[in-house]
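Below is one structure, written out as C-alpha cells; the observations come after it.
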2 protein chains.
Amino acid sequence: MLDDKRNQIIAAALRRFSHFGIVKTSMSEIAEDIKLSKANLYYYFQDKFALIEAIAYQIMDESDVAIKQALDEIPNTLDTLVRMLDIKKEYLEKYYMLIINLQEMNMNEERWIALSKKMFQREMDTISKIFERGIKRNELVTFDVSSTSELYVALMRGLAMFCDHTIPHALVDRDELDKIIEKQKQAAAIFINGIKKSTNS
Amino acid sequence: MLDDKRNQIIAAALRRFSHFGIVKTSMSEIAEDIKLSKANLYYYFQDKFALIEAIAYQIMDESDVAIKQALDEIPNTLDTLVRMLDIKKEYLEKYYMLIINLQEMNMNEERWIALSKKMFQREMDTISKIFERGIKRNELVTFDVSSTSELYVALMRGLAMFCDHTIPHALVDRDELDKIIEKQKQAAAIFINGIKKSTNS
DNA sequence: CTTTTGACCATTATTTAAAAATAGTCAAAC
DNA sequence: GTTTGACTATTTTTAAATAATGGTCAAAAG
C-alpha cells in the first residue's frame, strides 16, 4: 500500500532528522535505511521539502491531540497553559534537532517561510482556543484574542530563544531546557494574571 | 590632554562601529580617521575590546541619564516603561550596527560574556528601580523584584529577536523596529497589569 | 616622562580552485 | 503502479594561497 510505504519513509526520516538534523541527513541515507533506492523515495515524495513538511504536519497533529486532551481535562486557563508548556517540552526533547533546524532554515525561500508561518499559526490557534474558553468561563476579561494570542506565542518563543542573558543564538540549548520552561511558566502566570478578571488581590 | 584624545578615539570608533559594525571596522581605520598611527591608538586602548567596552559603557551611561529623567517626570509605572521603550528605540536607531553586533559577538570569550551580562544587568537594575517604585507607590503588588525584572528584560529582548513569525535570527530588522516596539508596549501593558494591585476590572 | 611611530609578527579572514556530496531527473525494467 | 541504475546540475567541503587585521616593540620626537 502506498500509504504504508510513505509512513515507513516518514518514520525513517524522522529518526534521522530528529537525531542528526535536517541538513546533515541526506535523502540517500533515508532511502538506504529502509532498503529503498533514492529514486524510489522520490516516487513517494516530490522533494526533500515535501518530506519535511509531511513530518512537520505529523508532529503538529500529534501534539495537537495531546493538547486537546489537556483542554478537556483542565478547566483553569493558567493550568492549561502550563500543561501545554510541558507537552511542548516533551516534543522538543523527542525531536530536538529536527525542531531546532525547522526554526532556522533557509528562511529566504517561500515554502520554508510558509511552513514556518503555518507552525506559528497552529500554535496561535491553540492559544486562541484556550483564551476564548477562559473568556467564556468568565475567568478572563474580554480582549482581542487574535492579537493577544499572537503576542503570547511570540513572547514564549522569544523567551526560549533568549535563554541565558548572553547569547540569543537561535538554537535552544538542550541543557537549559528546564530553566527555559520555568521562565515560560512564570511569564505565563503573569501574562494570564494581566488579562484576568480581578477578584481582589 | 589624555582624556581628550581618548574621547576623540571613542568618537571616531563610535561613528564607524554604529555604521559598519564592529567586525567590519579595523583599528587602523579608526586611527586613520583621526590622523593617528595604529600603534598610537594602542597607547590609549589596551586592545579592541577595551575600546568597545568604553563605548558600550558610554552608551549605557548616556541612556541611563535619559531614563533617570523619565523616572522623575513620570509617576506611573507603565508609562515609565513605555517611555523607556521609546528611549531604547532611539538608541537602537542611532547606534544600530554597533548594538546589533554587541549582542551577537564571540560569545565564547569570557570578556564578551561579561560585557553582555553587564549590559543585561544594567537594564535589569533600571527595571528593578521602576518596579520598586511601583510597589512603594502602592501601584504594584509585592513580588520578587529581582527575578521578575529579569523575566521582564528577557521577555522584551526575546520579543525583539522574534520580530516576525518566521526568522528569529538574532539581528533585529531595522524596518521592523516600529512593529517590535509596538508589541513590546503591548506586552509591557499586560505584564504590568499582571503584577498590579487590582482596583476592579 | 609622555606621546608617537614605522617595522614587525602571529593569527584570523578572505579568496580561489579542485574534489566530494547531494538533490533531483529519467528512461527503462519489474 | 513500483522500482531502479545511471546521469546531471547544484551545493558543500576541503585545502592551499593570499590578504587583512589585531597586537607588539624598540626607538624617536616632543
Side-chain angles (χ1 to χ4, degrees), chain A residues 1-17 19-56 97-98 101-102 104-112 114-115, chain B residues 1-17 19-56 97-98 101-102 104-112 114-115:
Chain A
M1 4 219 70
L2 197 138
D3 252 24
D4 195 52
K5 261 280 158 62
R6 271 181 68 96
N7 287 332
Q8 230 180 306
I9 295 170
I10 287 177
L14 191 50
R15 238 173 292 136
R16 277 208 126 89
F17 284 160
H19 210 78
F20 305 109
I22 294 173
V23 193
K24 291 292 176 193
T25 299
S26 77
M27 292 297 263
S28 319
E29 286 171 329
I30 296 168
E32 279 164 26
D33 278 358
I34 48 175
K35 270 96 190 162
L36 281 185
S37 70
K38 186 174 56 161
N40 198 11
L41 198 164
Y42 275 93
Y43 173 76
Y44 290 98
F45 290 94
Q46 191 186 126
D47 54 20
K48 194 177 187 180
F49 180 83
L51 176 54
I52 292 161
E53 197 175 39
I55 290 175
M97 280 296 240
L98 170 63
N101 272 1
L102 267 177
E104 49 175 3
M105 223 54 202
N106 317 281
M107 282 312 180
N108 23 12
E109 281 168 49
E110 267 189 81
R111 300 164 80 194
W112 281 104
L115 177 58
Chain B
M1 5 217 69
L2 195 137
D3 252 22
D4 195 52
K5 262 280 158 62
R6 271 182 68 96
N7 287 333
Q8 231 179 306
I9 294 170
I10 287 178
L14 191 49
R15 239 174 292 136
R16 277 209 124 89
F17 284 160
H19 209 78
F20 305 107
I22 295 172
V23 193
K24 292 290 176 193
T25 300
S26 76
M27 292 298 264
S28 319
E29 286 171 329
I30 296 168
E32 280 163 26
D33 278 358
I34 48 175
K35 271 98 190 158
L36 282 186
S37 70
K38 187 175 56 161
N40 197 11
L41 198 165
Y42 275 92
Y43 174 75
Y44 291 98
F45 290 94
Q46 192 186 127
D47 55 21
K48 195 177 186 181
F49 180 84
L51 177 53
I52 292 161
E53 197 175 39
I55 290 174
M97 279 297 241
L98 170 63
N101 271 2
L102 267 177
E104 48 176 2
M105 224 54 203
N106 317 281
M107 282 312 180
N108 23 13
E109 281 167 50
E110 267 190 81
R111 299 165 81 194
W112 282 104
L115 177 58

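All chains are named by letter (A, B, ...) in the order of the sequence lines, taking the proteins before the strands, and each is independently numbered beginning at 1.
- Atom OH in Y42(B) sits about 17 Å away from atom P in dT4(C), given to the nearest Å.
- Out of dT2(D), dT4(D), dT5(C), the shortest distance to the side chain of L36(B) is found at dT5(C).
- Rounding to whole angstrom units, CZ of residue F17(B) and P of dT21(D) are separated by 13 Å.
- Side-chain atoms of Y43(A) lie closest to dT2(D) of the nucleotides dT13(D), dT4(C), dT2(D).
- A salt bridge is absent between R15(B) and D33(B): the closest approach of a Lys/Arg side-chain nitrogen to an acidic carboxylate oxygen does not fall below 4.0 angstrom.
- Nucleotide dG22(D) holds its C1' atom 15 Å from the CD1 atom of I22(B), rounded to whole Å.
- Using modelled atom types, no side-chain atom of K24(A) and backbone atom of H19(A) make a donor-acceptor pair closer than 3.5 Å.
- Between R16(B) atom CZ and S26(B) atom OG the span is 7.5 Å, to the nearest 0.5 Å.
- With rounding to whole Å, L41(A) atom CG is found 10 Å from dA23(C) atom P.
- In this structure, I52(B) and L102(B) have side chains that are in contact, with non-hydrogen atoms separated by less than 4.5 Å.
- Closest to the side chain of K24(B), from the set dG5(D), dA23(C), dT14(C), is dT14(C).
- Following rounding to the nearest Å, I34(A) (CD1) and dT4(D) (P) show an atom-to-atom distance of 10 Å.
- Listed pair Y44(B) / dT4(C) meets the phosphate criterion, a side-chain N or O lying under 4.0 Å from OP1 or OP2.
- In this structure, the separation between CG on L115(B) and CD on E53(B) is 6.0 Å, given to the nearest 0.5 Å.
- Between E109(B) atom CD and dT11(C) atom P the separation is 14 Å, expressed in whole Å.
- Not one side-chain nitrogen or oxygen of K38(B) sits closer than 4.0 Å to the OP1 or OP2 atom of dC25(D).
- Of all nucleotides listed (dT25(C), dC25(D), dT3(C)), dC25(D) comes nearest to the side chain of A39(B).
- Counting any heavy atom pair closer than 4.0 Å across all strands shown, S37(A) reaches a base atom.
- Each of K35(B) and K48(A) was matched to the nucleotide of DNA chain C holding its nearest heavy atom; the match closer to the 5' end belongs to K35(B).
- Of the side-chain N and O atoms in K5(A), none sit less than 4.0 angstrom from OP1 or OP2 of dG1(D).
- Rounded to an integer number of Å, the gap from M27(A) CE to dT25(C) C1' is 13 Å.
- Considering only the side chain of N40(A), dT2(D) comes nearest among dT24(D), dT2(D), dG5(D).
- Put simply, CG on D4(B) is 11 Å from P on dT4(C), counting in whole angstrom units.
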